[in-house]
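Written out below as structure tokens is the structure these notes cover.
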Number of protein chains: 2
Amino acid sequence: MRNMSDIIEQYLKQKIAESHNEVVEIKRAQIAEKFDCVPSQLNYVIKTRFTNELGYVVESKRGGGGYIRITKIETHKKADYLEHLLNLIGDGLSQTNAMHIIQSMYDADVISFREAKIIDTVIARETLMIGLPERDIVRAQILKKIIEVILYEE
Amino acid sequence: MRNMSDIIEQYLKQKIAESHNEVVEIKRAQIAEKFDCVPSQLNYVIKTRFTNELGYVVESKRGGGGYIRITKIETHKKADYLEHLLNLIGDGLSQTNAMHIIQSMYDADVISFREAKIIDTVIARETLMIGLPERDIVRAQILKKIIEVILYEE
DNA sequence: TCTTATTTGATTAAAAATGGTCAAGATTGT
DNA sequence: ACAATCTTGACCATTTTTAATCAAATAAGA
């Protein structure tokens, strides 16, 4: 590695990789000190290597307790993941399995906590007040349609 | 949490959430001591995070037995609105009427655009592949349960 | 009741803590 | 040498923290 910017870039990418959540949060001055460079070098590194085009979102806050947060957004992976779920679901689906899938979607960051709660409610047997085997069929259908909505939005 | 102001903000919001009444009443000096900060920090937190814009009303009184009371009014209004919708929905519900309600919820800012799309999909007759009159009954049930989730969250 | 003291919150300005911009100078690859 | 990339530093902007001083409400005393 020949220069500071590359080293810092590697460091940040490693941190992102380490956090399963695909995110790293730093204090600018602290990292600058760690690598013995001026703080604004961090801005340079971020501006040239963590751009939107490259799939990163950068947020920051100044003042006491300030930070810089870099998030990697993996659109492709998410689509693949959702397609995978779609294939997973057959003609019928138990409530337990459905809840596992919903939890998985929340963990994978493709739905919000509130969305997860809403979907959980929708597929609950108390909501779907019809008997088996129709209930499992409707549940599968509902979840598949929801996944399609998320998959094909935008 | 990165700084005192955020911590205090969280604390107050949690207190509001705990009180079903959507309100919290504090003694400024007491909270300042609890978090080991100067009293005026409470004013700062309130001024920057519990504004009218954000749906809060702040009342206070000085002198012996003084207090600061923060009320979340937006929630009240939204809760009333959602209760109203709940009463509106009977045992059955057509797709058209359901979509009107969903649109109304989106307009009233109680659900996001994506949530609206998801719910639209869920209550569509193509998703609910069962015959009438059961379909309208299940649809009503689904929408009511969803509204309850939104109503009783926090 | 009237006046004074005490309690308690409000305001505001200064200081401290962070991060952002930009442009000049240094380095590196071709 | 030229162009592109990197490094630095001076100056700026935002947010939080702190302290001094003001204002209002209640409590106490005459």
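Everything quoted here is computed from the prediction, not taken from an experiment. Protein chains get the first letters and strands the later ones, always in sequence-line order, with residue 1 at the start of each.
Salt bridge annotation for A:E25-A:R69: present, with a cationic side-chain nitrogen under 4.0 angstrom from a carboxylate oxygen.
Here A:S40 lies in heavy-atom contact (under 4.0 Å) with a base. Here A:I68 lies in heavy-atom contact (under 4.0 Å) with sugar-phosphate atoms only. B:G63 comes within contact range of at least one nucleobase, with a heavy-atom separation under 4.0 Å. Using a 4.0 Å heavy-atom cutoff across all strands shown, B:Y44 reaches at least one base atom of the nucleic acid. Among the heavy atoms of the strands lying under 4.0 Å from A:G66 are primed sugar atoms or P, OP1, OP2 only; no base atom is included.
Between A:L128 atom CG and A:I137 atom CD1 the span is 11.5 Å, to the nearest 0.5 Å. If you take CD1 on A:I68 and CZ on A:F50, they are separated by 11.0 Å, rounding to the nearest 0.5 Å.
Atom pair A:E9:CD and D:dC6:P shows a separation of 9 Å (rounding to whole Å applied). Distance, B:Q10 CD to D:dT16 P: 13 Å, rounded to whole Å. For the pair A:R28 CZ and D:dA13 P, the computed distance is 15 Å after rounding to whole Å. Look at CZ on A:R62: it is 12 Å from C1' on C:dA17, rounded to the nearest Å. Following rounding to the nearest Å, A:R49 (CZ) and D:dA4 (C1') show an atom-to-atom distance of 12 Å. Between the C1' atom of C:dA17 and the CD1 atom of A:I26 lies a distance of 16 Å, rounded to the nearest Å. Atom-to-atom, CG of A:N43 to P of C:dG20 comes out at 5 Å; the value is rounded to the nearest Å. For A:Q41 and C:dT27, the CD to P distance is 14 Å, given to the nearest whole Å.
Counting all heavy atoms, side chain and backbone alike, B:A140 lies closest to B:G90 at CB-O, 3.8 Å.
The A:K61 side chain lies nearest to D:dT16 when the options are D:dT16, D:dA25, D:dT7. Side chain of A:S5, nearest nucleotide from D:dC6, D:dT17, C:dT18: D:dC6.
The environment of B:E33 atom CD is sparse: at most 12 non-hydrogen atoms of other residues, nucleotides or ligands sit within 6.0 angstrom.
Taking 4.0 angstrom as the limit, B:K47 places none of its side-chain polar atoms (N or O) nearer than this to OP1 or OP2 of C:dA10.
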